[in-house]
Peer 1: 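Just dropping this structure here.
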Protein chains: 2
Amino acid sequence: MSGMSRRRITSKELAKLAGVSSATISRAFSPDSRIGSATRDRILAVAREHGYQPNAIARSLNNQRSRLVALVVNAIGNPCEAEEQQLLVHRLQARQLLPIILCCADHSDRLQLMRLASTYQVDHVVVFSDMVSMQDAVDIFHTTKPIIVSFEPLDNESVSSIRIDGAEAADEIIDKIVRDGKKRFAYLSGTNSSWIDKLRRKWFADALAKRGLSFEAQAFGDYSYDSGFKEAVLLLHRDKVDAIICGNDVMAIGARDAARRVLGKNTPDDIAIVGQDGIAMAAWDCNDLTTLSLDHVAFIDAVVELIERHDAEIEGPHSITLTCTARWGSTA
Amino acid sequence: MSGMSRRRITSKELAKLAGVSSATISRAFSPDSRIGSATRDRILAVAREHGYQPNAIARSLNNQRSRLVALVVNAIGNPCEAEEQQLLVHRLQARQLLPIILCCADHSDRLQLMRLASTYQVDHVVVFSDMVSMQDAVDIFHTTKPIIVSFEPLDNESVSSIRIDGAEAADEIIDKIVRDGKKRFAYLSGTNSSWIDKLRRKWFADALAKRGLSFEAQAFGDYSYDSGFKEAVLLLHRDKVDAIICGNDVMAIGARDAARRVLGKNTPDDIAIVGQDGIAMAAWDCNDLTTLSLDHVAFIDAVVELIERHDAEIEGPHSITLTCTARWGSTA
DNA sequence: ATGCATTGTGCACACGATTACACAAACGAC
DNA sequence: GTCGTTTGTGTAATCGTGTGCACAATGCAT
């Protein structure tokens with residue numbers, strides 16, 4: 001417990017101190033290896049005394065297993081992903097896996113960043129971001145056996161994926177809004193054209209089509225409050241819509257604020273606003289959003305299940321489908 | 001570009017393919033090493049063709065430098081830290097450093113988690129969380145030379161830190177509220193008793209004392225909207241306060257909602273509510289919070305500066321002080 | 001032509017662990 | 001007492017790079 005020693009002690013040095021060979025040190029730290037229990041106890045005691053812990057970098061090199069997991073995300077701050085990230089990080093930590101965050105803000109260095117991470121021999125890759133092409137991810141991480149991804153289903157033997165189905169819930173929501181008398185719908189996308197965005201838009205477009213309607217206008221934001229606010233002003237003013245389906249909850253809050261503040265219109269009477277994701281903030285009293293909600297716990301359960309399959313070296317990709325539900329607030 | 005090769009190619013194999021020794025391969029990838037430029041170009045071409053990239057794990061073992069950075073945080077979702085995390089991650093990535101997230105939710109395994117990370121020979125440690133004692137961090141990471149931390153100043157030769165000063169801004173805010181006629185103040189803490197919480201409370205307590213006032217009540221939340229909501233109900237109802245200083249912005253939003261919803265009181269006339277952090281959400285139209293704001297960019301600049309000093313092996317700890325400012329909204 | 005500095009490359013070892021193999025000791029069965 | 005099995009430990013190779021040292025080749029000045 002001297003705490004002052006600058007350098008980390010190595011297994012060979014500890015071996016000398018304990019009067020054994022370095023192989024025995026290693027065995028003392030591997031639960032299922034042949035070693036006398038007296039020897040193990042003595043070694044662990046000496047190790048504790050000198051603050052020894054096996055070097056995970058060296059172990060990874062030998063093992064061909066780093067216990068590192070790359071998480072590819074759009075952003076850290078944005079709550080639409082944050083809740084899932086938080087859950088996943090906890091689950092990984094419980095399994096003694098360490099998450100490396102790859103934050104892919106702008107396109108230029110996304111690939112370079114992923115290449116850097118692949119260099120660290122990560123055991124798994126979870127792609128949360130809809131900004132990165134799955135094909136790119138596969139090309140870069142092809143060495144790490146199959147890849148765990150989410151959202152985008154890719155016909156590749158080495159990719160497991162999670163599919164999301166919100167068609168039914170979207171239908172319920174559209175049904176309610178149409179019955180409330182709204183006629184002119186707009187879709188406010190979160191990205192210019194990502195796979196997940198197209199999918200979500202289709203759920204609502206299909207529900208409208210079923211009733212002989214379609215989107216009168218479409219706008220593109222960037223998943224942020226500010227973009228929701230700005231685009232909503234245009235949609236309401238220029239396109240005279242009375243219902244806006246937003247790509248996520250944060251933009252929906254921005255749109256609601258814009259309607260109230262700039263045009264003096266209130267939900268749900270003058271205008272209907274719908275979010276997507278079902279983040280905690282959407283349920284706050286000041287927001288009370290109607291939203292197409294995904295069960296985050298179930299989602300992360302699915303991710304963890306895929307990772308466990310991968311860890312157990314079960315061959316072949318696997319696909320899990322989750323269903324969204326409508327969560328009702330006072331905005332639609 | 002076959003993309004089908006299961007195993008990663010090694011430097012020795014590439015050496016055979018390029019007709020050189022593995023040492024030369026290594027040199028081809030090190031910018032400042034003695035190697036013929038023709039040889040380097042040829043090697044890089046062959047490397048690209050076979051998808052070779054040097055193994056960072058092996059390099060780290062040899063280098064004694066992992067280029068990994070441990071980020072110790074309270075939570076990922078909570079916006080009060082998220083903006084800083086996001087900024088820092090980008091800055092680290094730009095320096096080719098990979099962040100490992102340690103999310104310290106409950107106390108039980110915090111230390112174990114940090115020990116696990118220290119095993120990976122991280123080059124730097126940034127402690128954002130006020131839930132972990134700096135002394136623990138120092139004990140665990142003492143091998144990674146000095147530690148980069150934030151907030152808690154610790155008298156330790158191996159710890160650099162960032163100090164935050166919000167006394168003056170707190171004084172401004174209290175001044176305004178007192179001039180508005182508020183008399184009974186409460187402080188709503190974010191944690192039971194963390195170092196940063198005590199510090200922030202003191203800024204406001206001092207400002208009150210200067211005017212012959214003090215906190216009439218104190219409550220403890222957990223930095224969440226729900227805890228802000230719940231505690232505010234008690235403070236307003238039971239303790240009849242008319243001003244609440246909150247430990248962060250999210251709790252302040254919860255408190256504002258509680259005042260409005262449960263007791264029908266509005267800011268700033270009936271009651272004053274103040275947040276801390278200055279997150280983007282606080283400025284949203286629906287919130288418009290008065291808050292003690294910290295310049296996140298300046299803060300992360302400071303963190304990066306400390307990391308750079310550390311990387312350059314400049315000896316000795318260093319301390320940087322940042323000043324908060326008052327950001328005015330309609331809640332106080 | 002000789003001496004010396006510079007450049008380019010290979011050899012071999014180090015980094016710190018894990019693990020197949022070998023071997024000694026202990027043990028039980030007959 | 002002998003053989004076979006189990007148990008515990010050491011030896012040495014291995015994981016994939018980086019790098020000090022040695023050495024050949026080249027360039028340049030005299």
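Source: prediction; values computed, not measured. Below, chains carry the letters A, B, ... as their sequence lines are ordered, and counting in each starts from 1.
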Peer 1: Within the 4.5 Å heavy-atom criterion, are L71(A) and L88(A) side-chain neighbours or not?
Peer 2: yes
Peer 1: Does Y52(B) have a side-chain nitrogen or oxygen under 4.0 Å from the phosphate oxygens OP1 or OP2 of dT17(D)?
Peer 2: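 Affirmative; the distance criterion is met.
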Peer 1: I'd like to check the side chain to side chain contact (heavy atoms under 4.5 Å, CB included) partners of T119(B); sequence neighbours left out, ordered by chain and number.
Peer 2: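 Residues passing side chain to side chain contact (heavy atoms under 4.5 Å, CB included) with T119(B): Q53(A), A56(A).
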Peer 1: Measure across T39(A) and V20(A) and return the closest heavy-atom pair with its distance rounded to 0.1 Å.
Peer 2: CG2-CG1, 4.3 Å
Peer 1: Without hydrogens or angle criteria, can the side chains of R309(B) and S160(B) be said to hold a donor-acceptor pair below 3.5 Å?
Peer 2: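 No, S160(B) and R309(B) have no side-chain donor paired with an acceptor closer than 3.5 Å.
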Peer 1: Please tell me which of the listed nucleotides, dG16(D), dT11(D), dT19(D), lies nearest to the side chain of T10(B)?
Peer 2: dG16(D)
Peer 1: Can you pull every protein N or O that's under 3.5 Å from an N or O on nucleotides 5-9 of chain D?
Peer 2:
| residue | atom | partner | partner atom | Å |
| --- | --- | --- | --- | --- |
| dG8(D) | N7 | R34(A) | NE | 3.4 |
| dG8(D) | N7 | R34(A) | NH2 | 3.1 |
| dG8(D) | O6 | R34(A) | NH2 | 2.6 |
| dT9(D) | OP1 | T39(A) | OG1 | 2.5 |
| dT9(D) | OP2 | G36(A) | N | 3.0 |
| dT9(D) | OP2 | T39(A) | OG1 | 3.1 |

Peer 1: Rounding to an integer number of Å, can you tell me how far D32(B) CG sits from dT19(D) P?
Peer 2: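 Spelled out: CG on D32(B) to P on dT19(D) is 11 Å.
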Peer 1: Are I307(B) and V126(B) side-chain neighbours, meaning at least one heavy-atom pair lies under 4.5 Å?
Peer 2: yes
Peer 1: Can a salt bridge be assigned to the pair D301(A) and R91(A) using a cut-off of 4.0 Å between side-chain N and carboxylate O?
Peer 2: yes
Peer 1: Looking at the rings of Y120(B) and Y120(A), which for Trp means the six-membered one, are their centres under 6.0 Å apart?
Peer 2: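 Aromatic pair excluded; centres sit 6.0 Å or further apart.
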Peer 1: Using atom CG of N63(B) as one end and atom C1' of dG20(D) as the other, report the distance to the nearest whole Å.
Peer 2: 15 Å
Peer 1: Return the orientation label for the Y52(B) and F29(B) ring planes: parallel under 30°, perpendicular over 60°, tilted otherwise.
Peer 2: perpendicular
Peer 1: In whole angstrom, what separates I9(B)'s CD1 from dT17(D)'s P?
Peer 2: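 In whole Å, dT17(D) P lies 10 Å from I9(B) CD1.
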Peer 1: Round to the nearest Å and state the distance from R8(A) atom CZ to dC15(C) atom C1'.
Peer 2: 14 Å
Peer 1: Return the residues of residues 53-61 of chain A meeting this criterion: a heavy atom under 4.0 Å from some atom of DNA chain D. Order them by number, or give none.
Peer 2: L61(A)
Peer 1: Roughly how bent is the helix from dA1(C)-dT30(D) to dC30(C)-dG1(D) end to end, in steps of 10 degrees, with each end axis from five pairs?
Peer 2: 40°
Peer 1: Sequence neighbours left out, what passes side chain to side chain contact (heavy atoms under 4.5 Å, CB included) with I196(B)? Give chain and number order.
Peer 2: D130(B), F151(B), S194(B), L199(B), R200(B), Y223(B)
Peer 1: Salt-bridge test for R65(A) and D311(A): reply yes if a basic N is under 4.0 Å from a carboxylate O, no otherwise.
Peer 2: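 Salt bridge: yes.
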Peer 1: Within this structure, what is the CG-to-C1' distance between L14(A) and dG10(D), rounded to whole angstrom?
Peer 2: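 In whole Å, dG10(D) C1' lies 16 Å from L14(A) CG.
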Peer 1: So which pairs with a foot in residues 54-63 of chain A pass side chain to side chain donor-acceptor pair (under 3.5 Å), sequence neighbours left out?
Peer 2: none
Peer 1: Return the value, rounded to whole Å, for the distance between atom CG of N62(B) and atom C1' of dA17(C).
Peer 2: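 Roughly 14 Å, once rounded to whole Å.
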Peer 1: Please find the pair of heavy atoms, one from D123(B) and one from R67(B), that lie closest to each other, and give the distance.
Peer 2: OD2-N, 2.7 Å
Peer 1: Does S26(B) have a side-chain nitrogen or oxygen under 4.0 Å from the phosphate oxygens OP1 or OP2 of dG18(D)?
Peer 2: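 Answer yes for this pair, as a side-chain N or O of S26(B) is under 4.0 Å from OP1 or OP2.
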Peer 1: Can you check the K12(A) NZ to dT19(C) C1' distance for me, whole Å?
Peer 2: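 In whole Å, dT19(C) C1' and K12(A) NZ are 15 Å from each other.
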Peer 1: Whole Å only: how far is the CD1 atom of I25(A) from the P atom of dA12(D)?
Peer 2: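 Roughly 18 Å, once rounded to whole Å.
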Peer 1: Do the side-chain N or O atoms of Q64(A) get closer than 4.0 angstrom to the phosphate oxygens (OP1, OP2) of dT14(D)?
Peer 2: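 The answer is no; no side-chain N or O of Q64(A) sits under 4.0 Å from OP1 or OP2.
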